[in-house]
Amino acid sequence: MSDFLLADVRLLDPAAGLDQPGDILVRDGRIADLGAGLGRPEGVAVIAGGGAVLCPGLVDMRAELGEPGGAWRETVASAALAAAAGGITTVAALPDSQPALDEPALVRLLRARGEETGSLTVLPFGALTRGCRGEEMAELGLLREAGAVAFTDGARAIGPARLMRLALSYAGMLGARIVQHPEDPSLAEGGAATEGELATRLGLPGIPTAAEAIMVARDIALARLTGGAVHFAHVSTASALTLVRRAKDEGLSVTCDTAPPYFDLNETAIGDWRTYAKLSPPLRAEADRQAVAAALADGTIDAIASDHQPRDADDKRLPFAQAAAGGAGLATLLAVTLAQVQSGGLTLLRAIEMLTVVPARLLGTSSGTLSRGTPADLCLFDPERAWKVSAGMLPGRAQNTPFDGRALEGRVLGTWKSGRRVFG
Amino acid sequence: MLPTDRHLLAIEGMLPPQIAPLLDLAESYVLLNRTGTAPRERLRGRTLINLFFEDSTRTRTSFELAGKRLGADVITMSVATSSVNKGETLLDTAATLNAMQCDLLVVRHAASGAPALLARKVEAAVINAGDGTHEHPTQALLDALTIRRRRATLEGLTVAICGDVLHSRVARSNIHLLTAMGSRVRVVGPPTLIPAEIERLGVSVHHDMRTGLAGVDVVMMLRLQQERMARGLVPSAREYFRFYGLDATKLAWAAPGALVMHPGPMNRGVEISSDVADHPTQSVIREQVEMGVAVRMAVLDVLSRHGANG
């Protein structure tokens with residue numbers, strides 16, 4: 001492994017509160033030193049940073065990777081290409097695959113598939129229930145031993161309150177979080193869009209926003225009852241965020257993330273039956289989008305995840321209600337987040353914090369920082385370079401971006417995994 | 001439908017200058033139909049395909065008749081939803097139809113937006129004959145024609161649309177058309193059958209038939225499907241009839257001589273009683289069927305003039 005000095009960059013390490021110009025030195029795949037005036041150590045290649053931002057490789061805490069069972073939509077290898085192009089070096093893989101990650105061997109397999117790419121660390125979630133069917137608990141202890149970072153049923157909500165109670169208690173003993181898709185199943189069943197004027201006009205079955213708040217309220221009560229840790233994925237409504245804010249004030253182990261579509265798009269994106277903008281949860285009204293954006297800034301939302309859900313043309317070229325929900329998100333995670341910085345709602349340091357150290361901590365991994373001695377997982381980006389999202393031209397296999405045609409500023413120039421350049 | 005529009009997919013967005021001439025043309029077809037002098041050369045050599053993914057005897061027959069009266073070659077393909085793999089073949093169907101050089105394509109589908117999806121892929125002019133709970137444009141046009149012939153104008157009339165508005169594409173198309181033409185529209189039904197924020201479409205919402213029907217010029221009843229009871233949206237058919245079924249007592253709350261309409265097929269004793277449905281002067285339900293053929297002839301006529309192959 002060759003050593004190098006990445007010179008003349010804006011060093012950004014939210015874990016250390018660091019935002020200053022300088023250089024970073026990588027030796028043996030690890031961060032050897034960083035700061036201003038590192039000089040030019042002998043025998044070390046120098047890469048000119050040109051004043052671009054250098055931050056830890058991004059940690060994406062929620063993505064579907066297509067394996068096992070969906071390789072025509074995405075594979076770990078193809079997702080790794082998209083991730084590298086998006087500056088992501090660590091990703092948490094959802095367990096509701098075919099078969100589900102409810103066997104320790106499958107958890108080990110997913111980790112190994114990540115290692116094979118050489119560019120992406122894959123941290124598998126364990127299935128909370130067998131087959132992610134929402135009935136009986138999977139072998140959480142054995143899955144944890146095999147390396148499951150937390151437990152969830154992925155895109156399926158954990159419906160029965162009793163099951164959630166047991167899961168929070170049992171996973172709490174293991175020191176693992178339960179990640180919930182917060183949507184009351186009986187209210188969401190058959191729904192294709194957020195209930196309201198637009199769904200009424202389009203004649204689409206609606207899901208009331210209360211479906212999210214109800215699940216969040218219930219699970220907060222169960223976290224209080226059990227002392228367990230619950231994490232709400234892709235929170236998208238003002239009312240749910242109010243509940244999370246209160247739970248945090250109370251000191252409960254309650255955290256949440258959101259995904260770029262929920263602070264960058266609103267429900268009007270589905271107008272004209274655009275199935276690429278059909279997501280789960282569905283895109284919301286503008287007031288909710290604004291509430292999500294505000295919650296990024298005020299800290300109610302802990303992390304931003306790509307919520308990458310690969311779908312192919314056959315999944316999407318259907319009448320809206322029949323089309324599969326989900327959007328590709330790896331390649332656009334950083335740039336869509338940066339749009340919030342450009343609009344003035346968010347500092348760059350806070351934005352990167354939600355993409356690196358916070359999700360890393362929630363997943364129990366030490367990555368996501370520029371600490372000396374840690375593996376050099378790095379992302380170099382130009383926050384001002386403009387580009388346009390184009391479905392069909394994205395890196396990786398999945399092309400189902402809800403941001404098709406969106407002009408963005410902020411482009412990844414280089415990605416390094418353990419000191420090896422994997423993109424740019 | 002603008003003169004340049006290739007398709008008729010929805011009423012939403014249509015303006016009086018587009019709607020009125022279409023009704024005028026349909027009006028002329030009413031007379032030609034009655035005298036048996038419809039111009040059979042109008043669509044000679046044109047192929048009209050009725051593509052029905054959902055059963056509908058009435059609408060399908062009406063389009064067949066409309067096409068035949070104008071001299072088109074009419075083919076009906078009834079594709080039962082059970083044999084189609086969840087709409088997966090919709091775009092394959094489009095490719096097949098293109099190969100057949102179809103000029104006019106009438107589509108009925110259980111999924112909202114399906115005709116719009118097809119319209120992007122086929123060369124034919126697409127006519128939405130009812131898509132899911134979205135729209136049923138020709139139904140709204142035939143309803144408007146029926147009312148206009150009885151009341152001379154749509155402007156200033158008050159129309160109550162009653163019943164299962166939530167699942168009704170007929171209600172949505174009628175709301176768009178009637179409000180565009182200057183009618184006042186009320187929707188009346190139990191809260192469980194009224195879609196969210198429907199008032200944003202320019203209607204007032206009533207849950208009580210007495211206030212909902214008070215003084216209205218037209219009462220439009222909607223069909224209540226049995227499965228709505230199964231899904232718990234209303235407790236029972238008899239309770240529904242008690243509060244929302246149109247009988248002579250409730251009809252008396254409307255303006256004297258108010259028109260009674262129903263898109264059919266009717267559930268007698270559920271949403272409408274037989275004496276009202278068959279009322280000799282106030283019920284125009286049979287007339288709606290006649291207007292349906294004329295309106296569809298007008299739509300086929302107009303679209304064939306500027307369809308892709310026109």
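Note that the structure is a prediction, hence the values are computed from the model and not measured. Each chain gets a letter, A, B and so on, in the order the sequences are listed, and its residues count up from 1.
- In summary, the side chains of B/T59 and B/R108 do present a donor paired with an acceptor at a separation below 3.5 Å, with no hydrogens or angles considered.
- Each of A/L408, A/L394, A/T332 was evaluated against A/F403; a single residue qualifies, A/T332, per the side chain to side chain contact (heavy atoms under 4.5 Å, CB included) test.
- Rounding to the nearest 0.5 angstrom, the gap separating the OG1 atom in A/T300 from the CZ atom in A/R245 is 3.5 Å.
- For B/Q139, the side chain to side chain donor-acceptor pair (under 3.5 Å) criterion is met by B/D143, not counting sequence neighbours.
- Contact annotation for B/H176: only side-chain heavy atoms (C-beta onward) come within less than 4.5 Å of a heavy atom of chain A.
- Ranked by non-hydrogen atom pairs under 4.5 Å with chain A, the options B/R172, B/E199, B/K121 are led by B/R172.
- With a 4.5 Å cut-off on non-hydrogen atoms, B/R169 does not touch chain A at all.
- Residues A/D153 and A/T129 bring a donor and an acceptor atom of their side chains to less than 3.5 Å of each other.
- Counting heavy atoms from C-beta on, the side chains of B/V122 and B/L105 come closer than 4.5 Å.
- Heavy atoms of B/A116 lying under 4.5 Å from chain A belong exclusively to its side chain.
- Residues from residues 265-275 of chain A that place a non-hydrogen atom less than 4.5 Å from a non-hydrogen atom of chain B comprise A/D272, A/W273, given in numerical order.
- Within the 4.5 angstrom heavy-atom criterion, atoms from both the backbone and the side chain of B/L201 approach chain A.
- Cation-pi contact between B/R296 and B/F63: present, with separation from the ring centre below 6.0 Å and deviation from the ring axis of at most 45°.
- With no hydrogens or angles considered, no side-chain donor-acceptor pair links B/Q288 and B/H262 at under 3.5 Å.
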